[in-house]
Amino acid sequence: MIEFHWLDILALAWFLLCWFGYVWSVDHTRLHKQSVSAVMGYYRQLWMRNMVGRDPRMLDAITQGNLLYGVAFYASTSIFIIGGLLAMLGATDKAIAVLQALPFTETASKTLWEIKVLLLVIIFIYAFFKFAWCYRLFNYCSIMIGAAPLETEATPDSTRFADHIAQLHGLAASHFNSGLRAYFFALAALSWFLHPILFLAASTWVTLILYRREFRSRSWHLLQSARPDQSAD
């Protein structure tokens, strides 16, 4: 039988509520229009409209290549982390012995320890799929940038083509953001190995950090004020 303490159940439920509640609030409510992701959507559209009239497009290719490199790094890192976590399952007894030597930690049963490790495995598998799909979508964007018509002056067709690339680019960025959020919440899940109360606190802390960076950070204010259709104040 799994020896779940009521604090473990509460902490896990709060963790899932923080994660899924934050994702739903940011991506599927009116808050999305005020997020830094929405602001970056404007700049993606501006980038692609400028790209259509730029010759040569070396700057666009370099920028897109840098984005691909970052996504590939996170995807490969996720694979390494998953491998390390699976290896931890084979050293459960040693890991529990190490934790027992630490002060202020709750001694977990072998089954509960394995559940905690499997939670991290699931999180990083989810992150890998998000990064892998983002990488593929960015590849589609690279092909569309190469196929974009060269227009010295904007036309309805070139503008429509550029807007479609920007929308595809935004979709890829959305998957990338989901993968990054998984990394943040995985850090919160690590605290469960020490104590469920720490797990509760870490889940709350991560959610507040993500909220601040999405809606209240200095970078958000700078990006928002730099838009030509926004006043500097």
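Starting from 1, each residue takes its place in the sequence as its number.
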Note, [X] side chain near [Y] side chain (heavy atom, < 4.5 Å):
X      : Y      : value
Leu46  : Arg227 : no
Leu208 : Thr204 : yes
His169 : Met144 : no
Ser78  : Tyr183 : yes
Ser178 : Tyr126 : yes
Asp60  : Asn50  : no
Tyr140 : Leu171 : no
Gln224 : Tyr42  : no

Check Phe15, Phe199, Phe185 against Trp192 for a ring-ring contact (aromatic ring centres under 6.0 Å, His included) and give me the one that passes.
Phe199
Nearest heavy-atom neighbours spanning [X] and [Y]:
X      : Y      : result
Arg57  : Leu150 : NH2-CA, 3.5 Å
Ala172 : Cys134 : O-SG, 3.2 Å
Ala166 : Gln45  : CB-CA, 3.6 Å
Gly21  : Ser25  : O-OG, 2.8 Å
Phe131 : Leu180 : CZ-N, 3.6 Å
Thr207 : Ser203 : OG1-O, 2.8 Å

Atom CD1 in Ile81, atom CG in Leu120: separation rounded to 0.5 Å?
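Here the rounded value is 9.5 Å.
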Ile197 CD1 to Asp8 CG distance, which is reported to the nearest 0.5 Å
10.5 Å
hydrophobic_cluster_shared for [Y] and [X], side chain cutoff 4.5 Å:
X      : Y      : result
Leu59  : Val52  : no
Phe80  : Met88  : no
Ile143 : Tyr135 : no
Leu89  : Ile82  : yes
Ile122 : Ile125 : no

Is the gap between the ring centers of Tyr74 and Phe128 under 6.0 Å?
no
Donor-acceptor under 3.5 Å ([X] side chain, [Y] main chain):
X      : Y      : value
Thr159 : Pro156 : no
His164 : Arg160 : yes
Ser174 : Gly170 : no

Can the positive tip of Arg181 be found less than 6.0 Å from the middle of the six-membered ring of Tyr22, inside 45° of the ring normal?
no
Where do Asn177 and Val26 land on the side-chain contact (heavy atoms from CB on, under 4.5 Å) test, with the steps shown first?
CA-CA 11 Å; Asn177 287 338; Val26 173; over 6 Å; no
Is it the case that more than 12 heavy atoms not belonging to Arg54 sit under 6.0 Å from its CZ atom?
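Check passes, neighbour count above 12.
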Check this for me: Tyr43, atom OH, are more than 12 non-hydrogen atoms of other residues, nucleotides or ligands nearer than 6.0 Å?
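Yes.
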Test side-chain contact (heavy atoms from CB on, under 4.5 Å) on Arg213 and Val36; report intermediate values, then the result.
CA-CA 8 Å; Arg213 291 184 177 180; Val36 69; over 6 Å; no
Arg212/Trp220 under side-chain contact (heavy atoms from CB on, under 4.5 Å): CA gap, chis, key distance, verdict:
CA-CA 9 Å; Arg212 182 186 177 279; Trp220 180 89; over 6 Å; no
List in chain and number order the residues that pass side chain to side chain contact (heavy atoms under 4.5 Å, CB included) with Ser35, two or more places apart in sequence or in another chain; answer none if no residue qualifies.
His32, Ser37, Ala38, Glu214, Phe215
